[in-house]
Every structure is written in C-alpha cells, then in structure tokens.
Q: 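Dumping the structure here so I can ask a few things about it.
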Amino acid sequence: MPTDPVIEVAGVTKTFAGVRALSEVDFTLHRGEVHALVGENGAGKSTLIKVLTGIHTPDSGRVGRNGRISTIYQEVNLVPLMSVSANLFLGREPRTRFGLIDRARRDAEAAEILKGYGITADVRAPLGTLAVGEQQMVALARAVAADADVVIMDEPTSSLEPREVETLLGVVDRLHEAGIAIIYVSHRMDELYRICDTVTVLRDGRNVHSGPLADLPRIELVSLMLGRSVNEIRKHGTTAFGEGHHAGAQPVLEAVGLTSRPRIDGVSVSIRPGEVVGLAGLLGSGRTETAKAIIGALPLDGGTVLVAGQPVPHSVKGSTRAGISMLAEDRKTEGIIPNLSVRENIVLAALPRLSRFGITSRARQDRIVDTFVTRLRIKVSSPEQKVAELSGGNQQKVLLARWLCTEPKILLLDEPTRGIDVGAKAEVQALIDELAREGLAVLLISSELDELLDGADRLVVLRDGTVAGELEGDQLTREHVLAAIAAEVRDDADSDGSD
Amino acid sequence: MMTAERPTVVQKTAARTKVLQRQGAAVALVLMVAVSWLVFPRFGSIDNMRDLALQGAFLVVIALGMTFVIITGGIDLSVGSVYALGGVLAAWGSQYGFLVALVLPLVVCGLIGLVNGLLIARTNMAPFIVTLASLLFARGLLLVITDEGATTYQIPADSAFVELGRGTVSGFGYPIFIAAVLCVVGGAVLNRTGFGQNVFATGGAEQSAILMGVPIARTKVLVYTMSGTLAGLAGALTAAYLQSGVTVIGVGLELDAIAVVVIGGTLLTGGMGTVLGTVIGVGLIKVIQNVINQIGTLDSNYQSVVSGVFLLIVVVLQRILRR
C-alpha cells in the first residue's frame, strides 16, 4: 500500500455545548485505501467526517488534507425539484461558447455517466421522481465525478435494496482501482469486510482502534465498538431475538386479498396472537403498502381486514379502535414530533383514552410514561426532555411506547431498526421478542434478511405487489427467501429490452 | 438518447403538475383573451392592446425580481415602497440630466435590496420581517425627501428621460420593450447560468445545497439586490411615463407582484418557477383589470376580488398536486 497520506488528523478534540464529541482523535487515510469508519451512534463518526470536510473546526488538534474531498450522506442530499442532470452537474455544468449552460450536452453526459451506475431513468425528470436508491446512486455519481481524491460515504447502503448495494460496491471497487481513497461508514459487517482494507473504531469520541481490517475477527470488531467483552457478546449474540414463539391457534388478524393498484394486488396475510410474521421482499415490492393497507392508510380497490373474525372499517381510526397499531418506517416524517417532550410524544396516541371531557389527567399520563420508560429502557434525563435530543434508538423506543400504550392486539413494525446503532438495535429486537411472548401479534417489515430470519416465526415474501410465497419452519433460510424473490429479477431483465 | 420508459405514477403526476401549473395559467389567459375579444368590441383594438402591454410592463419588471426571490424560497415585501421611492428619486434626479435620473434610483434601490439580502443571508432573519422593515424604511425615506408627500418633483417634458417612458415604436411604449428584454435576459440567467442553478438549489433544498457547495449566502444577496434594483427601475420608468415622481403609488404593489408570480406557477415554497409563467400571470391580472374597466358599470374593486379568487385557485391546485 502506498504510504502517501491524503488525510492526516492528529489529536483532534471537538466539544459541543460542553459535550465532548471527539477527544484526541488521530486518523490517517492513505492514497488508494478503503478505510472503514465504525462505531455506535454518537461515537463521533459524523463529527469526525465534518471535521475532515471542514464543516466543523476542531477546538484543538491538527487537520491535514492533501486533495479534494467529496462526501455522500446517508440521507440523499440533493435537490428533489431540480432535474437529475442538473443535480449531477450543479456547480460544474458544461458551457456553450457564450458561457451559458449547455443543457443538451449536460443531459447527454448525465445519461452516459448514470448508465455506469445502472440508472436509465430520464435525466430531465425531477430528481424527486426517482426511487431513493437511485437518488443515492446519483449522489454517488456526483461525488465521484467531481474529480475527488477522497470520497467519504456515510452509510451509503442504508436505503438501498440488495441489487443496488451490489452496484454501489462495484463502484467502490472501481474507485479503489483508480487510486481514490475512500472512507466508508457502515453498520453492515458483510460490506465492511468485503471492501475495506483498514478500519478505525470510534467509541465515545475516542479512536479505540486503527489497523488492517482483515486481521480483525468480526466479534473482536463488535466488541471494540460496543466496549463489551467478546465473551459477553458470544453469550448474547448480536441479534437479540429468542427462539420461536407459542402462537395461539386462531389468527387475530386476517387480511384477505388486499388490493390497491398499482402497488399491491391481492395480498393476504394472517397473524396469530404471539406470532411474529415477517414481510420480505425487495424495496418497492409492496411491503410498506401492505402494512398501510392493513392500518387503513392506503385507499383500497379490494380486500378486507378482519380482527378476531370481525371486519374492520377501512380507516386508521377504525383499525386503531380494533387494536391495530403501526410503527412507520420514517421516524422523522411519520412519527416523532421532535420539539415535544418524551412524555408528550408517548401519550399522543393514547390521549383520547386518557381524557375525560377533553381534559387529561397529568397524573395518569406520568404513570403510563414512567412504566414505558422503565420497561423499554428508554434513556432520558427526564420525561420532559425533548425527543429531538435523543439518539435514533431511543426515539424508536419512544414511538414503540406510543403505540404500546394504546394497548394494541396487533403491531405493524415497518423497519423498526433502520438507522439505529448495533446496541440499540439488539434492544429493540429483544423488545419485539418480549412483546410477542406476551401475546401480541406482530407484523415485521425489514430489508435486513437476517433480522427477518431470526425474528420471524413465519415469512410472507412479496414480489411486485403480490405474495410470492410463505415460508416457515425449515424453509426459513436465506436461500428459500432469495429463491422466492428471485423470479422478479428475471422478469425485470426481460422487460429491460423495451425501447 | 434515453430509452422510452413506462412513466411511473410519480412521473405522471409530476408531468400533470407541470402542465397545470405552467400551462394552466397560459390556458386561462388564452381563454380570457378569446372571450373578452368576442364580448367586448373595444378589447381587441390595437389601442387597447398597447395600453394593456404598457400597463403590464411596469409590473413585469417588478415581478421578474420577485420571481427570483420566491424561487430561492424567500419573499420581498419592500418592492412596492422601493418602486415609489425609485420614481421620486428619478424625478428629482432628472433636473441633473438623463444619467442621474436613471442611475440614482437604480443605485439607491439596489442598495436597499443589498441590505435586505445581507441581513437575510448573514443573520438568518426571516425575509418576511427584514423586507417588511425595508418596506417601512423606503416609504419613510420617500416621505422625508418629498416633505411628507407635499412636494411632487416634475420631470421637464422636453427631457430625454421622459422619452424613456413615453417614447413608442409603432405605438408600443418603450417600457414594453425594456420589460421584454429584461425577461429574456432573466430567463436565460435563471435557466442557463450557474447563478440560476444556485437559485433553484437554494429554494429547493437549502441544506442539501450547502453540502453540494452552492454559495447560498451569495445567491440570496444577489436575488434581493436584483429585486430592489428592478423595483427601482420600474419606479423610474413609471416616473418617466407620468412625468413626475408620484408619491402615493406602489402601496400594496408587492402583493400584486407576489400574486402574479404564484399565479404563474412559481412555488411559493421555492425551488421551482419560470419567468414566462410570471409574464403570463401579469397578463392574466391585467386582462381581468381591463375587462372590468370595459364593463364600466362594475366597481373597479372587483378586479381585486377576481384576482384574489384566481390566486386562491392556483395555490389550492399547487397544494393538491404536490400532495
């Protein structure tokens, strides 16, 4: 490996409002190196990246940069209303002789570049009309096309489906070969070990380990991140789901032939009390739509939802009254109200039940909130703390608490562990497990196959808005699920030929 | 070239939104003109057309600046006052010659816009408040230099400056051509320059734009400076046309400017808009006004009623189509 460093950071400390985000961190990135940056949420990864890119100035320490840095973020940071090609070339558009932007050339070049990233959508369309995965790919293409010497990728795959992940990792390989240095931030071990040469582990704002990745056993890496001993992790594992659940005989939820064109067509799902049913499938296969159809948030062309054999009126109000609750995929836009306190966020959904003549009893609220904060192990300084100040994992628990205090019989969880760190993830998974044990019927949606395979008693595999298969018992393996999903990939390849 | 893909629902919606937002106003304008032509014999006369175009020209110049401001996600409430101030400054300056009469309002009004922009970009204060303050400031300044409106500066009828407002080419006033040239240049700047792209990016997603290296602050400073300068120019042209610096004009004009921009399909929340749409928006408002004047028996205040209803329809449509 060349020894020429493109980034060299020594003894960097950064403090926000008295909280130390980085403390005496050393970090070196060499030319042509793929460097994994790992750590739990709040470990200081984002702060370090912002120091590297110059967005933050460190309180003390030295930052040496020797080249251009481009960054792509976990959430797509592009402009949805502008066209794909305008986003790709913003700030360095090709010009005509008169110095005006050459739109024809810009569009043609954008289409050409994006083809290399597997995107064939109309580059003149607004970026916001693309799928999230495609948008992420445009962001990546933009970062790379800027002639960067260093590309920083902050959880680039968290919103991608498996096929898109492959494309992205392929691009990383290409950059690697071209001698571009990469800082790769991810929670996904498989990806890290596949593409990274070296690793830096941050914990509580300190660099606790830097070195070659291949020499470091996975369990050792996790132990460095969590600060727990290897033995402890061996005993409990990294996913926290227990063994199967004892499900009741009669399904408590029966969704029959749910149809909402063009997203889902004739999807049926049933769940028994105490059972966790997983919804598997690629992004866009209709997983979220199925859950939304069950809760009554998606207009239906056909199908019914029965709870304990009784039909449920198709509305969120009706479903909630019947005992269905849903934890939405996007915490930020569909759940959390950041400026309200933990207490206010939790009791929001239960307020109608806690009120008499429109007046709520504060004492009853406090009792309920206390119960859930303890039970779900939500880390807060006080119930009056603003939710915005909590970590992702704790925000997710607050949302879970909100729905649990409505005492649901059926819980629909859409990506409950997305974007939260390894430790909190295990806790949320353990909670789901506990809830099922207590007799709750759970529908679990996750793009992480391992999470589904470990957590669910039964899997319903969706493909193109229809049920492609149901798996249980011995069939709950990676191979079976992929086989059920695979048909779609073949279909896609066929239809790609149309012009 | 691109392969023909099956358009997704989102793309169809986007396409429909575009048609209704941009062409919607154009369709309404064509219908209005066609009906008025048939119903009112005088409407289609060349004299009336010249009148309409000239009436629209002043508003177009102001609304052009407003279009840029609104696309960045901002608002400029000061343009009505700045317009009036520009007129008074031009009239006062005309005693020192053509150049002073033209340049003085542009510089002073541009400075007011520059201060607006600097305050908004550097201190992160809300554009609404900052420009409300400069609305009051500009109106106050105007009253000070005119002895509380008691003095109306006249422009000598033989001065070259009057020609700028009253000169014609085949009966069409110079301001019409000035507005047209500004719109063509404005459209090119918006769509074909880096600055224009920055304007869209700033209003479309400010945080992302920062991370993409867009100079947000500079962009904002520029659009408010532009808006102030253009309002000053519109004022100067009006003064040249009226041959005096009328002190009572421009009250509430900022709201007309915002209305025509939004009717023209520019999103009030920023990130999307066109100069052509704004011109069409001005056309609509002016045709409505013209028709109500033609009816004669109708109170001229109905013009505001109709414009208001129109604006509401457009905003409701934008809301629905954006989901």
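Reminder, nothing fancy here: chain letters follow the sequence lines and each chain counts from 1. Just so it is clear, the values below take in all heavy atoms, side chains as well, and ignore hydrogens, waters and symmetry mates. Note that the structure is a prediction, hence the values are computed from the model and not measured.
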Q: Checking A:Arg92 against chain B: side chain, backbone, both or neither under 4.5 Å from a heavy atom?
A: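 For A:Arg92, there is no contact with chain B at all, as no heavy atom is under 4.5 Å.
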Q: Donor-acceptor check, side chain of A:Gln135 to backbone of A:Leu130, threshold 3.5 angstrom: yes or no?
A: yes
Q: Out of B:Val214, B:Ile210, B:Asn191, B:Asn198, which one racks up the most heavy-atom pairs below 4.5 Å with chain A?
A: B:Asn191
Q: Under 4.5 Å heavy-atom distance to chain B, tell me which part of A:Thr53 shows up: side chain, backbone, both or neither.
A: neither
Q: Decide whether B:Asp76 and B:Ser78 meet the rule of one side-chain donor and one side-chain acceptor closer than 3.5 Å.
A: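 Short answer, yes.
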Q: Got B:Val282 and B:Phe58 here, is their nearest side-chain heavy-atom distance under 4.5 Å?
A: no
Q: Can you tell which of A:Asn87, A:Val79, A:Thr96, A:Thr71 has the highest number of heavy-atom pairs within less than 4.5 Å of chain B?
A: A:Val79
Q: Ignoring hydrogens and angles, tell me if any N or O in the side chain of A:Thr129 forms a donor-acceptor pair with the backbone of A:Ala125 under 3.5 Å.
A: no
